[in-house]
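Values below: every heavy atom of this structure, side chains too, minus hydrogens, waters and symmetry copies. Computed from a prediction, not measured in an experiment: that's the story for all the values here. To find a chain, count down the sequence lines: A is the first, B the second, and so on, and within it residues start at 1.
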Amino acid sequence: MLTQRPRGTADILPGAVEHWQRLETAVREVCRLYNFQEIRTPVFEHTELFARGVGETTDIVEKEMYTFMDRGNRSLTLRPEGTAGVVRAYVENKLYGNADAVKLYYLGPMFRYEKPQKGRDRQFHQYGCEVLGSEDPAVDAEVIALNLHILDNLGVKDVAVELNSVGCSVCRPLHKEEMIRRLRPVADRLCEDCQSRLERNPLRIFDCKNESCQALLVEVGAPTIVDSLCDDCRNHFDAVQSALTAMNVDFRLNPHLVRGLDYYTRTAWEYVVEGYSSIAGGGRYNSVVAQVGGPETPGIGFAGGIERVLMVLEAQSQGQKEQPQLDLYVVTVDDAGRQAAASLLQKARKQGFAADRDYLGRSVKAQFKAADRIRARYVAVLGESEVEAGRVALKNLATGEQVDLTWDDAIHQLSKGV
RNA sequence: GUGAGUGUGGCGAAGUGGUUAACGCACCGGAUUGUGGUUCCGGCACUCGUGGGUUCGAUUCCCAUCACUCACCCCA
């Protein structure tokens, strides 16, 4: 147990961490292009924030939060998602004082107490963007495009954007009522899951894989949410679509798309790759800021699952070769060589070359194999004769060429070749 | 949370109620001794997830537990 990580957590080891860094770099770079700025908020917040911000009746709040009492008897919760904390920071620091809409992004660990499976850990990681202070449909389109840009830069292929509008506080309740009115009389013919969905979130019934439920929806003529939008929402949704088209962003309408968090209004979307669960998703949330105690402020954002994006990326990029990791590997053949090695290594490193050596006293042959394994470009052989002459045998591992040089010349040589 | 499956050396993977648990890869050493990615020879390494129980005896049978995988739920 001592040597076993907690369930649903992962060690990100060398070899994998490079992929994480690449993703993080892509997020930062693309966000810069769209003039989004990074924000870092605490990993835990007052439990209340999530209860109010994410929604009391969501699965997240009802059964997935990591909640604990601290020594001061405060109820705190490890953040299950990123938006609530960002909104809290926005309100607390009065960022709404800005004339412009505030464009923020974040990156970091999130926590949900769930049964782990592929692409679903208890500590997982998201990157996400939020825009606070504008309900311009152009913002919706821009945010949708932004993540597509990130995924594209990373080389994720075949990403489809699924788009829907889930209405607002005016039209959604009406739609919900209508759904319930039509389905309640035949509720006993719905599957078990859908019977509970009917009261909580009837929209989800459209997502049920059970054919009889789908047939029942048709039979009772249940309206989709997009068909029930109020004029304002309809216009907004139309404008978002034209903006996306104008930006050359492909999307497909999915009238059944529902997002899990209660706070979404109007635009809701997901990024899906065939054969995988959605790798990112977002939505507009026009009531969250007020919900959390700030001034009535519209917001919109998305979050991407880092593990999920990397999973797709890995599956799609089989057989990509690694880059050389080391410029120089010092092979020592005897005590004289081993003693001189440190000095040669430091000289090389101070010149900006990545350099390493053997510390296990292994044979020359084994040291060469090690140099190969870590893809060193050059090997410098140091033995008594070299040390006495103040020289090294420098071998290019790719070409097999080996030359006898002074240390300075050898280090100079490192900057040449590939 | 529900259902199913899996858990043997660093990795992959055989195996049986009973003396020293195969093999492959990797790793280490050697092949006239200071040179790599091929070959040959030799070697190191396993509390058989963990804890109980049955048994003269269990890695192999039973129970529990932990972890992982898959599906559902839900989500990133």
Using a cut-off of less than 4.0 Å, is there contact between a side-chain N or O of A:Arg7 and OP1 or OP2 of B:C66? no
Please determine if a side-chain N or O atom of A:Arg373 lies less than 4.0 Å away from the OP1 or OP2 oxygen of B:C27. yes
Grab the CD-C1' distance between A:Glu64 and B:C73 for me, whole Å please. 9 Å
Using the C1' atom as the point on both nucleotides, what is the distance between B:C66 and B:U50, in whole Å? 7 Å
Whole angstrom value for the distance that separates P of B:G1 from NZ of A:Lys63: 10 Å
Rounding to an integer number of Å, can you tell me how far A:Glu386 CD sits from B:U35 P? 12 Å
Can you see if the side chain of A:Gln117 gets near the phosphate of B:A71 - specifically, an N or O under 4.0 Å from OP1 or OP2? yes
A:Arg204 CZ to B:C72 P, straight-line distance once rounded to whole Å: 14 Å
Please list, by residue number, the residues of residues 276-287 of chain A whose heavy atoms come closer than 4.0 Å to an atom of RNA chain B; answer none if no residue qualifies. A:Ser278, A:Ile279, A:Ala280, A:Gly281
base_contact_polar (B:U69 base, A:Lys118 side chain, donor-acceptor, <3.5 Å): no
Could you list, one pair per line, each protein nitrogen or oxygen that sits under 3.5 Å from a nitrogen or oxygen of nucleotides 30-33 of chain B, together with the distance?
unit_1, atom_1, unit_2, atom_2, d
B:A31, N6, A:Lys365, NZ, 2.8

Heavy-atom contacts under 4.0 Å between residues 122-131 of chain A and RNA chain B, which residues? A:Phe124, A:Gln126
How is A:Asp372 classified with respect to the nucleic acid when contacts are heavy atoms under 4.0 Å: base, sugar-phosphate, or nothing? base
